[in-house]
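What you are looking at is a predicted structure, and each value in this text was computed from that prediction instead of being measured. Below, each value reflects all heavy atoms present in this structure, side chains not excepted, and no hydrogens, waters or symmetry copies. When a ligand or atom number is given, it counts from 1 through the structure's own listing order.
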Amino acid sequence: MKVFNKVIVVTGAGGGIGRELVTQLLGKGARVAAILHKSGLEEIKSLTGVYGDKISTHIANLANRDDVEKLPEEIIAVHGCIDGIINNAGIIQPFRSLNDLDYEQIQRVMDVNFYGTLYMCKSFLPHLLSRPEAYITNVSSMGGFLPVPLQSIYCASKGAVKMLTEGLHLELRGTNVGVTIVCPGGVDTNLVRNSGIEMEGVESHSYKMLSPNKAAALIIEGMENKKYRVLAGNDSKIMDFLYRLNPKKATDIIAKKIKTL
Ligand SMILES: NC(=O)c1ccc[n+]([C@@H]2O[C@H](COP(=O)([O-])OP(=O)(O)OC[C@H]3O[C@@H](n4cnc5c(N)ncnc54)[C@H](OP(=O)(O)O)[C@@H]3O)[C@@H](O)[C@H]2O)c1
């Protein structure tokens, strides 16, 4: 679905990949409803100087179903309709084994990553189905198809997002709503800190990561070209290939790589 003149909702718009999505979508002539949580309001609002009423900001905690269910009406009141949603918001878990995680930490990750995405899809789908053409893009992760050490719950939540999205793609075949799943590898953002996790050395590792700018461009390209799946980054592409070839070996390789960081 070409984004020119379309109304696109972006979650996690306050920073990282989300903020890049917002600016690139506006640059391509889309109208954007930027969903913010705690951060980024000033930066996103400053875009109104350039794009005027083509951008609107909305505050929501995606883990809260009531917050999400209010969004479609709020956004339609501003832009008149909605053509696409990009469910980009997400958090990681503390780098701990399952044995050392408490249920509160587990619940938080599932609530934001899985239930947040689910609430968004369920709340917007009835309207999207009424549009001539519409789109849902969900951001999972390389961790959605491959276990990353000390991120079992994050990976489980992203695996759930991946299956939800692929299931939706199947259900919506032959309708006006296209669906894409995105699995980025490492992207150079503040995801760790924004998730409330203290970790020494994450700013000074040698892992070559994708820029948020490039990740956003690949996500939009995936929507515009109606791709089934976007593997954003060479790490994601290589690990996807290896995982299919030999899942256990792929898991050993990622474990070794992470250990060197
Ligand atoms: N960076 C990577 O290496 C990487 C790799 C694979 C997948 N991803 C995925 O890419 C997506 C974007 O992440 P990013 O790297 O750009 O990190 P980021 O800058 O931290 O973006 C995540 C966004 O999610 C928002 N968010 C968190 N909890 C929320 C909640 N309860 N309600 C609403 N919004 C909430 C955050 O807003 P606040 O900060 O205001 O809370 C933030 O803007 C995430 O889904 C992440 O899992 C990232």
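- Ionic pairing of Asp252 and Lys248 is present here: one or more N-O contacts between side-chain nitrogen and carboxylate oxygen are shorter than 4.0 angstrom.
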Starting from the N and O atoms of ligand 1, find every protein N or O within less than 3.5 Å and list the pair with its distance.
| from | atom 1 | to | atom 2 | distance (Å) |
| --- | --- | --- | --- | --- |
| ligand 1 | 1 (N) | Val187 | O | 3.1 |
| ligand 1 | 1 (N) | Thr189 | OG1 | 3.1 |
| ligand 1 | 3 (O) | Val187 | N | 2.8 |
| ligand 1 | 3 (O) | Val187 | O | 3.3 |
| ligand 1 | 15 (O) | Thr189 | OG1 | 2.6 |
| ligand 1 | 16 (O) | Ile17 | N | 2.8 |
| ligand 1 | 19 (O) | Asn194 | ND2 | 3.4 |
| ligand 1 | 20 (O) | Asn194 | ND2 | 2.9 |
| ligand 1 | 24 (O) | Gly90 | N | 3.3 |
| ligand 1 | 31 (N) | Asn61 | OD1 | 2.8 |
| ligand 1 | 32 (N) | Leu62 | N | 2.9 |
| ligand 1 | 39 (O) | Ser39 | OG | 3.1 |
| ligand 1 | 40 (O) | Lys38 | N | 2.7 |
| ligand 1 | 40 (O) | Ser39 | N | 2.7 |
| ligand 1 | 40 (O) | Ser39 | OG | 3.0 |
| ligand 1 | 41 (O) | His37 | ND1 | 2.7 |
| ligand 1 | 43 (O) | Gly12 | O | 3.4 |
| ligand 1 | 45 (O) | Asn88 | O | 2.7 |
| ligand 1 | 45 (O) | Ala89 | O | 3.4 |
| ligand 1 | 45 (O) | Lys158 | NZ | 2.8 |
| ligand 1 | 47 (O) | Tyr154 | OH | 2.8 |
| ligand 1 | 47 (O) | Lys158 | NZ | 3.2 |

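- Ring geometry for Tyr228 versus His169: interplanar angle over 60°, hence perpendicular rather than tilted (30 to 60°).
- In the hydrophobic clustering of ILVMFWY residues, with side-chain heavy atoms under 4.5 Å counting as a link, Val10 and Ile136 come out apart.
- The minimum heavy-atom distance linking Lys2 with Glu224 is given by the pair CA-OE2, 3.3 Å.
- Here the closest heavy-atom approach between residue Gly90 and residue Val112 is recorded as CA-CG1, 4.2 Å.
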**Message:** Checking Leu231 against Cys183 for the side-chain contact (heavy atoms from CB on, under 4.5 Å) test, could you report, in this order, the C-alpha distance in whole Å, the side-chain angles of both residues, the deciding distance, and whether it holds?
**Reply:** CA-CA 5 Å; Leu231 296 169; Cys183 297; 4.0 Å; yes
